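All values reported here derive from a predicted model rather than from experimental measurement. Below, all heavy atoms of this structure are taken into account, side chains as well, without hydrogens, waters or symmetry copies.
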Amino acid sequence: LVRRKGLTIKTSRRMGDVFAQAIAMVRSGKVRLEALVTHRFGLDGAPEAFELQASRRDGVVKCLIEV
């Protein structure tokens with residue numbers, strides 16, 4: 001569709017120190033990653049975890065696969 005209509009897509013991406021800042025925030029306790037995990041699965045439940053995450057149902061935010 002983009003090619004057929006001759007559209008131009010421009011994007012920008014600015015990462016800079018984002019990862020270092022994010023890691024520092026987690027280390028300092030300002031961000032609690034555990035709060036994002038809404039569902040937990042064993043390794044055998046990985047297919048179900050991926051399906052749930054893709055479907056965005058059951059209030060899923062983040063699935064954690066524990067091994």
Side-chain angles (χ1 to χ4, degrees):
L1 183 63
V2 170
R3 188 185 61 182
R4 193 171 349 129
K5 290 191 172 193
L7 302 177
T8 301
I9 298 175
K10 293 185 179 184
T11 63
S12 65
R13 184 175 172 187
R14 186 173 185 282
M15 298 300 275
D17 296 321
V18 172
F19 291 119
Q21 290 175 0
I23 291 168
M25 290 175 74
V26 170
R27 282 187 179 150
S28 71
K30 290 181 182 175
V31 175
R32 288 182 42 244
L33 296 181
E34 188 65 29
L36 299 175
V37 178
T38 56
H39 296 73
R40 294 175 181 272
F41 294 86
L43 190 55
D44 291 343
E48 182 184 353
F50 280 99
E51 190 279 322
L52 178 64
Q53 195 71 54
S55 69
R56 298 183 181 156
R57 64 176 175 21
D58 194 27
V60 68
V61 174
K62 187 64 70 180
C63 291
L64 180 68
I65 299 171
E66 300 175 304
V67 293

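- Taken together through direct or relayed side-chain contacts under 4.5 Å among Ile, Leu, Val, Met, Phe, Trp and Tyr, Val60 and Phe41 form part of one hydrophobic cluster.
- In terms of hydrophobic clustering, with Ile, Leu, Val, Met, Phe, Trp and Tyr side chains grouped at heavy-atom distances under 4.5 Å, Val67 and Val37 are assigned to different clusters.
- For the pair Ala49 and Cys63, the tightest heavy-atom approach, listed with the atom from each and the gap, is O-SG, 3.6 Å.
- Not a single salt bridge (Lys or Arg N to Asp or Glu O under 4.0 Å) links Glu48 to another residue, sequence neighbours left out.
- In terms of heavy atoms, Ala46 sits closest to Ile65 at CB-CD1, 3.8 Å.
- Applying the side-chain hydrogen bond (donor to acceptor under 3.5 Å, both in side chains) criterion to Glu66, with sequence neighbours excluded, gives Arg40.
- Under the side-chain contact (heavy atoms from CB on, under 4.5 Å) criterion, Ala22 pairs with no residue, sequence neighbours left out.
- Of all non-hydrogen atoms in Val61 and Gln53, the two that sit nearest each other are O-NE2, 3.0 Å.
- Residues that satisfy the side-chain contact (heavy atoms from CB on, under 4.5 Å) test with Val2, not counting sequence neighbours, are Leu7, Ile9.
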For residues 25-33, which side-chain donor-acceptor pairs fall under 3.5 Å, sequence neighbours excluded?
| unit_1 | atom_1 | unit_2 | atom_2 | d |
| --- | --- | --- | --- | --- |
| Ser28 | OG | Ala24 | O | 3.3 |
| Ser28 | OG | Met25 | O | 3.0 |
| Ser28 | OG | Lys30 | N | 3.4 |

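- Contacts classified as salt bridge (charged side-chain N to carboxylate O under 4.0 Å, His left out) and involving residues 49-63 (residues at least two apart or in different chains) are given here: Glu51-Arg57.
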